[in-house]
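When reading the values below, keep in mind they use all heavy atoms of this one structure, side chains included, and skip hydrogens, waters and symmetry mates.
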Amino acid sequence: MNQALLLVEDNDHDVFLMKRALSQAEIRNPLFVVSDGQQAVDYLAGNGDFNDREMYPFPALVLLDLKLPFRSGHEVLAWIRNEAELNELVVVVLTSSDEPADVNQAYKLGANSYLVKPPSLGQLRDLAKSFKWYWLQYNHFADCEAPQ
Amino acid sequence: MVADHMTEVSHVENRDAWLAAIVESSDDAIITKDLNGIITSWNQGAQRIFGYSAEEAIGKPVAILIPPDRRNEEPGILARLRQGQRIDHYETVRQRKDGTLVKISLTVSPLKSADGRVVGASKIARDITLRKQSQQALRDSEERFRAVVDNISQMAWTATESGEATWYNRRWYDYTGTTFDQMKGRGWRMLHHPDHMQRVVTNFDECLRTGRVWEDTFPLRGKDGRYRWFLSRAIPIRDSTGKIQLWFGTNTDITELQEAREALASSHQELEKRVAERTSSLTEAIAQMEEFSYSVSHDLRAPVRAMQGYAQATLEDYGDILDERGREYLNHIVRSGERMDRLVRDLLVYSRIARTDLQLQPVSLDRLVSDIVSHYPEMQQPKAEITARGPLHSVIAHEPSLTQAISNLLNNAVKFVAPGVKPEVELYSERQQDRLRLWIHDNGIGIKPEYRSRLFGLFERIHNSKHYEGTGIGLAIVRKSVERMGGKVGMESNGRGSKFWIELASAQTDS
């Protein structure tokens with residue numbers, strides 16, 4: 001199983017650290033990165049260049065930051081759950097906010113999991129390993145077709 | 001036959017005597033005169049009223065009874081009698097034998113002979129001095145009443161039982177500038193404001209119909225064309241049989257009262273508006289605060305995470321080409337980053353406790369403490385020993401906030417111990433009426449009395465950070481959360497460790 005992962009993250013440093021942690025956790029899945037909420041929607045909807053699913057495969061799982069330009073993570077989440085074809089898409093929120101309001105809102109909108117970015121690289125690596133075991137080794141994904 | 005005749009005769013004789021007795025016993029003067037005005041009969045009543053006896057009066061001209069200034073009345077009366085006319089209840093004045101005057105009511109009827117000719121007149125005179133006096137008294141009292149009612153500050157009026165106005169006091173005319181001719185009947189309607197007239201008339205008619213006291217508030221137009229507000233009231237005045245004779249009404253000017261009421265209402269409105277504005281600016285401030293907290297939690301922590309992450313990555317990837325000092329510098333960056341992140345997180349917790357709505361409910365301290373201890377390895381054996389002396393009971397609290405507060409206290413209790421000493425913490429609870437105080441007694445380094453007042457303040461650190469890690473926010477969080485749950489915190493230290501306490505409402509009602 002080598003499904004694609006989509007990381008929605010506007011902070012380049014966090015992208016770097018996340019990529020590093022994922023590779024240290026030996027996650028080999030192809031990782032695609034978009035840096036704002038609108039791009040996330042476009043990627044998932046296959047708008048414009050993203051229509052090419054050879055280049056931009058439909059992901060099995062989305063790692064979604066909450067604070068994003070143009071469309072917030074919550075808005076992207078709401079859009080995803082509003083699209084019939086994307087109901088089964090696994091969305092894991094990965095954010096620095098541990099505000100109860102953010103957590104509650106994310107679950108209300110249909111997030112599958114909520115992870116808070118840990119402060120240190122070591123902890124981030126641990127998180128990446130747990131993520132790998134749970135979501136990529138043991139978890140079964142539904143057949144989620146890319147919208148046409 | 002004889003008997004019948006006798007009966008008839010005696011009957012006729014009896015009837016004359018009977019009539020004579022009636023005439024004699026009458027209080028009124030009953031006099032007859034011929035067409036020349038000569039008195040032909042005179043009863044007891046006539047003697048009583050005029051003072052002449054029958055002997056004195058009969059045969060005299062009736063003019064002896066007429067005062068000199070009224071002599072001209074008699075020819076008119078005689079002329080009407082000759083034409084066979086009656087004079088009914090003619091009120092006039094006559095003179096007594098002693099020359100004094102007497103007010104009488106006169107009824108004069110022509111006396112006709114069997115063939116229908118007028119041969120004289122019967123005259124019934126009633127002494128009306130008493131009636132006149134009581135009428136005068138009534139008029140006097142009415143005048144007094146009007147004098148009083150003319151001078152009261154209210155407008156006043158009377159109306160018939162069907163609501164037709166019969167009189168207004170002076171205040172009414174002063175204010176309205178109208179005349180009685182304009183106002184009589186239902187003329188008062190012209191003074192009403194068109195917006196109110198229908199309602200006023202309907203209510204008034206309803207009261208006229210039911211006899212209920214009328215009360216209403218409405219504007220009336222003054223002579224300057226401006227309306228003023230009046231509280232109006234009318235009561236029915238009934239005669240001895242209970243029938244309504246008239247309505248007496250007043251109108252009290254309440255314009256000032258009304259204006260004061262309106263001013264009050266508008267100032268009340270103004271106040272509400274201001275409260276709403278303040279509330280909205282407060283709400284805005286809170287929203288900004290939330291936004292700020294959100295920025296803190298997201299934007300401020302991101303660069304710290306990056307700094308720390310890159311330093312760590314450098315250490316991991318290039319550690320072997322750096323010397324010991326270079327690696328030490330990077331370690332400082334990593335630790336400072338960790339500390340910065342913890343500070344920001346603690347501040348967030350503090351601000352969240354200050355701004356969230358806390359729902360209070362019973363919380364078992366025994367379960368809560370055991371949950372907390374199981375969550376932190378440094379509170380468990382063999383690193384530390386935390387024991388509860390007796391059951392800790394339950395309090396009324398917001399569980400997440402109380403968890404935060406007790407975790408912070410237990411973390412401090414196991415952290416601030418002398419080097420090499422195994423932390424031992426004992427918990428127990430004390431009930432004081434409806435309050436429950438949880439004690440946390442440690443074997444730590446204690447706190448000097450001079451520092452105790454600063455202990456629960458924000459950013460207060462009373463131990464050297466070289467030896468004891470901390471952000472200086474932990475106890476501020478404890479105090480803020482306990483206070484927001486309606487409780488208190490405090491501490492005692494007697495040289496052998498510290499005794500912190502949290503006091504909240506007890507969840508048990510009996511002891």
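By the 6.0 Å contact criterion, NZ on A:Lys132 is enclosed, its count of non-hydrogen atoms from other residues, nucleotides or ligands being greater than 12. The environment of A:Lys108 atom NZ is sparse: at most 12 non-hydrogen atoms of other residues, nucleotides or ligands sit within 6.0 angstrom.
Listed by chain and residue number, nothing satisfies the ring pair (Phe, Tyr, Trp, His ring centres under 6.0 Å) test with A:Tyr107 (two or more places apart in sequence, or in another chain). Judged as a ring pair (Phe, Tyr, Trp, His ring centres under 6.0 Å), and not counting sequence neighbours, A:Tyr114 has no contacts.
Using bins of under 30°, 30° to 60° and over 60° for the plane-to-plane angle, the ring pair A:His13/B:Tyr310 lands in the perpendicular bin.
The list of ring pair (Phe, Tyr, Trp, His ring centres under 6.0 Å) pairs with a residue in residues 17-43 of chain A, not counting sequence neighbours, reads A:Tyr43-A:Phe50, A:Tyr43-A:Tyr56.
Among the residues in residues 315-333 of chain B, those with a non-hydrogen atom closer than 4.5 angstrom to a non-hydrogen atom of chain A are B:Glu316, B:Asp317.
Rounded to the nearest 0.5 angstrom, A:Asp14 CG and B:Arg305 CZ are separated by 4.0 Å.
Residue with the most contacts toward chain A among B:Met340, B:Gln312, B:Glu338: B:Gln312 (heavy-atom pairs, distance under 4.5 Å).
Smallest separation of non-hydrogen atoms from A:Leu121 and B:Ala313: CD2-N, 3.5 Å.
Residue A:Gln123: no heavy atom, backbone or side chain, is found under 4.5 Å from chain B.
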